Amino acid sequence: DTGVSQNPRHKITKRGQNVTFRCDPISEHNRLYWYRQTLGQGPEFLTYFQNEAQLEKSRLLSDRFSAERPKGSFSTLEIQRTEQGDSAMYLCASSWYRGGTGELFFGEGSRLTVL
Amino acid sequence: AQSVTQLDSQVPVFEEAPVELRCNYSSSVSVYLFWYVQYPNQGLQLLLKYLSGSTLVKGINGFEAEFNKSQTSFHLRKPSVHISDTAEYFCAVSNQAGTALIFGKGTTLSVSS
């Protein structure tokens with residue numbers, strides 16, 4: 001199956017530690033998105049890339065968060081000095097964009113628990 | 001800026017009954033509209049989308065939605081639900097500039113026998 005892959009699926013960490021999540025998109029997709037989802041809420045947009053360029057960042061993406069997509073393939077989302085409020089499901093999605101929005105294909109998410 | 005309001009946080013129904021999940025959006029430009037479904041412990045899956053053309057769109061699993069520009073709504077319907085339709089449903093909006101999808105808070109559909 002060549003869907004969107006996210007790793008790790010679950011991460012438990014202590015407050016103050018750094019964590020990194022990886023997303024491997026569908027290979028021919030040029031756009032990659034990160035969302036955050038907390039219990040009882042819809043996915044909240046964090047940031048997205050077109051190829052290797054980060055085109056938009058949400059105000060939710062504090063300076064403790066950084067995302068990269070080197071070479072326009074996989075992406076990483078790093079959270080520095082984690083706080084309990086960072087506990088959430090982090091979702092990655094990819095799409096083929098060419099002049100109009102296309103369907104986003106989502107991975108199964110990476111669940112972060114900050115103790 | 002765009003926003004989405006899902007008017008019902010929870011919708012309980014009996015099996016084989018019809019269901020409507022309501023979604024209203026706000027946008028100053030032309031929009032693309034989507035419904036996604038999230039089954040327990042699974043990723044989000046596209047049910048259907050409206051990009052242009054016919055305002056009635058059909059999706060997977062017997063769902064359909066109608067785009068109503070004057071009422072800025074995109075309600076999701078199914079004439080007869082199954083137990084397996086129990087899931088979280090999300091309405092989302094984007095625009096022709098290709099900005100990221102903005103999601104509503106979701107509606108939990110619970111189907112019982």
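For clarity, every value in this text was computed on a predicted model and none was experimentally measured. Within every chain, numbering begins at 1; the chains are lettered A, B, ... in the order of the sequence lines, protein sequences first and strands thereafter.
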ask   = Between A:L104 and B:Y36, is any pair of side-chain heavy atoms under 4.5 Å apart?
value = yes

key: Distance in Å, A:F106 CZ paired with B:Q45 CD, rounded so as to fall on 0.5 Å steps   = 12.0 Å

key: ILVMFWY cluster, A:V4 and A:F21 together (side-chain gap under 4.5 Å)   = no

Neighbour count >12 (heavy atoms, 6.0 Å) for atom CD1, B:I60 = yes

ask   = Do other residues, nucleotides or ligands put more than 12 heavy atoms under 6.0 Å from the CD atom of A:E52?
value = yes

inquiry  = Under 4.5 Å from any heavy atom of chain B, what part of A:Q37 do you find: side chain, backbone, both or neither?
reply    = side chain

ask   = For chain A, which residues from residues 85-93 of chain B lie under 4.5 Å away (heavy-atom distances)?
value = B:F90

task = Might you confirm whether atom CZ of A:R111 has over 12 heavy atoms from other residues, nucleotides or ligands at distances under 6.0 Å?
result = no

inquiry  = For the CD1 atom on A:I12, are there more than 12 heavy atoms of other groups (residues, nucleotides or ligands in this structure) within a distance under 6.0 Å?
reply    = no

key: Same cluster (ILVMFWY, side-chain, under 4.5 Å), B:L47 and B:I83   = yes

query = Checking A:L91 against chain B: side chain, backbone, both or neither under 4.5 Å from a heavy atom?
reply = side chain

task = May I ask you to decide if B:L101's main-chain N or O and A:Y35's side chain share a donor-acceptor pair within less than 3.5 Å?
result = yes

task = Evaluate whether atom CZ of A:R15 has more than 12 neighbouring non-hydrogen atoms of other residues, nucleotides or ligands under 6.0 angstrom away.
result = no

message = Within a 6.0 Å radius of atom OH on B:Y39, are there more than 12 heavy atoms belonging to other residues, nucleotides or ligands?
response = yes

task = List the steps, then state whether ring-ring contact (aromatic ring centres under 6.0 Å, His included) holds for A:F45 with B:F103.
result = CA-CA 8 Å; A:F45 169 70; B:F103 285 84; over 10 Å; no

ask   = Would B:L48 end up clustered with B:I102 when hydrophobic side chains under 4.5 Å apart are linked, directly or stepwise?
value = yes

